[in-house]
Amino acid sequence: MNPIFCVLLFSLVAGLAFAEKSDYCLSEIVKTDERIRAHGYPTETHEVTTGDGYVLTLFRIPYSHKLKNQNEMRPPILLQHGLFSNSDCWLSSGPDNSLAYLLADAGYDVWLGNARGNIYSRNNVRISLNSPKFWHFDWHEIGTIDIPAMIDYILADTGYAQIHYAGHSQGTTAYLVMLSERPEYNALIKSGHMLAPCAFFEHGSSFIFNALGPLVSTPGGIWNQLLVDTELIPHNNLFNRLVDNSCHLSNSICNNAFIMFANGGYVNANASSMSVLIETHPAGSSSNQGIHFLQLWKSLKFRQYDWGTKKNNQLYGQDLPPDYDLSKITAPTHLYSSTNDALCGPEDVNTLVENFPHLKEDYRVPLQSFNHLDFIIARNMKELVNDPIIERINSYEGR
Ligand SMILES: *[C@@H]1O[C@H](CO)[C@@H](O)[C@H](O)[C@H]1NC(C)=O
């Protein structure tokens with residue numbers, strides 16, 4: 001077995017075994033708002049409580065200190081992170097390259113979401129973090145409950161009738177879930193920008209599919225029963241120390257830690273941006289999020305969680321989970337995908353496009369080597385992705 005893979009596997013298992021959930025200490029890390037402030041930008045922290053009790057943290061860059069535009073119109077935009085990630089992913093390459101700052105400097109009111117279960121959203125007003133009930137969710141709930149709650153809050157706070165949205169990876173999946181399951185939200189989206197869009201997984205080449213897919217994608221199977229409703233890869237000091245030490249030992253181990261789930265090389269990655277990211281990643285997710293993705297890989301469908309025939313019948317009134325109906329998505333939506341994405345690659349984006357009748361645009365990043373994580377950490381992501389996004393958002397605002 002590849003030695004790098006061994007180190008990573010060991011740190012994952014160690015991380016799962018030794019994670020002290022209640023012990024997690026936010027005061028030990030540099031949080032999103034401190035990062036923003038350190039670059040001179042104004043920032044605010046907001047909390048949104050969902051109908052089922054999760055307290056979600058939204059960070060905000062309300063305006064740009066460079067533009068001094070606090071008294072001007074600033075259309076809001078929500079940025080939503082991917083699996084194992086958090087709001088820091090929109091900041092790690094700094095003001096000259098990362099999307100959150102570029103949007104603030106383009107005159108937008110930037111809100112950074114955090115899904116239930118990640119390091120910034122680990123409270124529920126009714127359920128303890130240590131209860132399996134806390135972790136009984138996946139990206140279906142992030143899409144149908146968390147994102148709508150954040151959007152309602154932001155629109156109420158800013159007085160705007162519509163919001164722009166950009167998501168990476170699972171942040172795209174949750175958007176597609178929201179607009180197909182709660183189509184009334186289409187009217188609230190001025191434009192949607194899907195970076196590395198993930199809905200279909202037939203062609204995923206990441207080793208993770210073949211390694212874990214057969215184990216956990218069978219509902220009722222032993223692995224599934226062991227893993228359901230638990231925290232997956234919690235952020236913890238041991239994991240981070242291991243990765244950090246391996247970064248000092250060898251750059252390639254460090255880089256591999258990041259591309260573990262998104263393999264496909266790292267020729268575009270900004271190494272400093274990676275070391276910023278590792279401070280708060282992996283950020284905590286429910287195992288059900290990973291299991292649900294693997295179920296999609298197995299079924300070739302974009303559909304709800306498969307609980308097995310009995311519970312499916314109780315929940316959905318049918319043996320198999322229902323598909324998400326992408327024809328209900330009418331908000332103007334742009335896809336930004338890349339050839340070298342080992343999780344959500346070009347053939348699977350083709351399937352998404354075929355099933356998405358009202359899709360506005362299917363933009364493909366014009367660089368062969370660009371991969372899944374490059375949307376967050378590539379040295380060249382400004383020219384290839386972020387500038388094109390801002391250009392499109394500006395066009396909706398008549399700018
Ligand atoms: C790389 O990341 C560092 C750390 O955030 C940042 O200062 C730098 O501007 C980034 N460079 C590029 C080209 O992305």
Side-chain angles (χ1 to χ4, degrees), residues 30-46 57-82 85-114 150-151 154-155 157-160 162-168 171 189-196 268-270 272-274 276-277 280 332 334 336 361 363 365 370 373-399:
V30 183
K31 292 190 295 188
T32 296
D33 53 339
E34 296 162 48
R35 287 175 204 283
I36 295 170
R37 213 172 284 123
H39 285 296
Y41 289 77
T43 184
E44 296 170 9
T45 305
H46 294 253
T57 301
L58 277 167
F59 294 104
R60 180 187 192 186
I61 311 178
Y63 62 90
S64 164
H65 63 304
K66 296 175 188 163
L67 301 177
K68 299 193 173 44
N69 57 336
Q70 55 267 47
N71 298 320
E72 288 164 33
M73 297 291 281
R74 289 166 287 113
I77 176 159
L78 173 62
L79 304 185
Q80 186 59 31
H81 62 80
S85 193
N86 63 48
S87 45
D88 295 328
C89 76
W90 303 107
L91 306 167
S92 60
S93 293
D96 296 333
N97 300 286
S98 274
L99 186 60
Y101 299 113
L102 296 174
L103 281 165
D105 290 339
Y108 293 93
D109 179 4
V110 182
W111 296 75
L112 308 174
N114 283 292
M150 295 188 226
I151 290 176
I154 296 167
L155 295 180
D157 189 272
T158 58
Y160 273 80
Q162 284 189 311
I163 189 169
H164 297 280
Y165 179 101
H168 176 239
I189 302 288
K190 195 151 194 182
S191 72
H193 305 268
M194 310 291 104
L195 315 187
N268 300 307
N270 174 348
S272 328
S273 181
M274 281 184 174
V276 172
L277 266 192
T280 58
H334 303 252
Y336 305 72
E361 189 194 8
Y363 169 84
V365 174
F370 211 80
L373 285 186
D374 283 337
F375 287 91
I376 295 299
I377 52 169
R379 277 176 279 107
N380 39 12
M381 68 182 177
K382 179 178 187 292
E383 304 83 78
L384 291 170
V385 179
N386 292 343
D387 287 346
I389 294 174
I390 292 173
E391 197 180 299
R392 283 158 180 76
I393 295 177
N394 281 343
S395 75
Y396 287 94
E397 294 296 337
R399 295 182 174 188

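None of these values were measured; they are calculated from a predicted model.
Atom CG of N268 is separated from atom CG of L373 by 11.5 Å, given to the nearest 0.5 angstrom. The CH2 atom of W111 sits 8.5 Å away from atom CD1 of I163, with the distance rounded to the nearest 0.5 Å. To the nearest 0.5 Å, the span separating CD1 on I77 from CD1 on I389 amounts to 7.5 Å. The CG atom of L91 sits 10.0 Å away from the OG atom of S273 when rounded to the nearest 0.5 Å. Between the NE2 atom of H334 and the CD1 atom of I393 there is a distance of 8.5 Å, given to the nearest 0.5 Å. Atoms CZ and CG, on R379 and N97 in that order, are 10.5 Å from each other to the nearest 0.5 Å.
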Take I36 and Y101, measure what side chain to side chain contact (heavy atoms under 4.5 Å, CB included) needs, and give me the verdict at the end.
-> CA-CA 9 Å; I36 295 170; Y101 299 113; 4.3 Å; yes

Test side chain to side chain contact (heavy atoms under 4.5 Å, CB included) on S191 and R392 and set out the steps.
-> CA-CA 9 Å; S191 72; R392 283 158 180 76; over 6 Å; no

Full working for side chain to side chain contact (heavy atoms under 4.5 Å, CB included) between Y160 and I154 | CA-CA 8 Å; Y160 273 80; I154 296 167; over 6 Å; no

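Counting heavy atoms from C-beta on, the side chains of K68 and Y63 never come closer than 4.5 Å. In this structure, E397 and H164 have side chains that are in contact, with non-hydrogen atoms separated by less than 4.5 Å. Between K190 and P75 the shortest side-chain heavy-atom distance does not fall below 4.5 Å. With a 4.5 Å cut-off on side-chain heavy atoms, D374 and L384 do not count as touching. Put simply, the side chain of L78 reaches to within 4.5 Å of the side chain of L58, judged on heavy atoms. Within the 4.5 Å cutoff, side-chain heavy atoms of R399 are placed close to those of Y108. Between T57 and T32 there is no side-chain heavy-atom pair separated by less than 4.5 Å. Looking only at side-chain heavy atoms (C-beta outward), Y363 and V365 come within less than 4.5 Å of each other.
What you find for C89 and L277 is that their closest heavy atoms are CA-CD2, 3.8 Å. In this structure, S64 and D105 approach most closely via the heavy-atom pair OG-OD1, 2.7 Å. What you find for S92 and S98 is that their closest heavy atoms are N-OG, 3.5 Å. Heavy atoms only, all atoms of each residue included: Q162 and P76 are closest at O-CG, 3.8 Å. Of all heavy-atom pairs spanning F370 and A378, the tightest one is CE1-CB, 3.7 Å. Taking both residues in full, the closest heavy atoms of H81 and G113 are given as CD2-O, 3.4 Å, listed atom of the first, atom of the second, then distance.
Side-chain N or O atoms of N69 include none that pairs as donor or acceptor with a backbone N or O of E72 at under 3.5 Å. The main-chain N or O of V30 is found under 3.5 Å from a side-chain atom of R35 such that the two form a donor-acceptor pair.
When D109, T45, T43 are each tested for a side chain to side chain donor-acceptor pair (under 3.5 Å) with R60, only one passes: D109.
Under the 30°/60° scheme for interplanar angles, the aromatic rings of H168 and W90 are found to stand perpendicular.
Between the side chains of Y336 and N386, no donor-acceptor pair of N or O atoms lies under 3.5 Å. Checking Y41 against K66 by side-chain atom types alone, a donor-acceptor pair falls below 3.5 Å.
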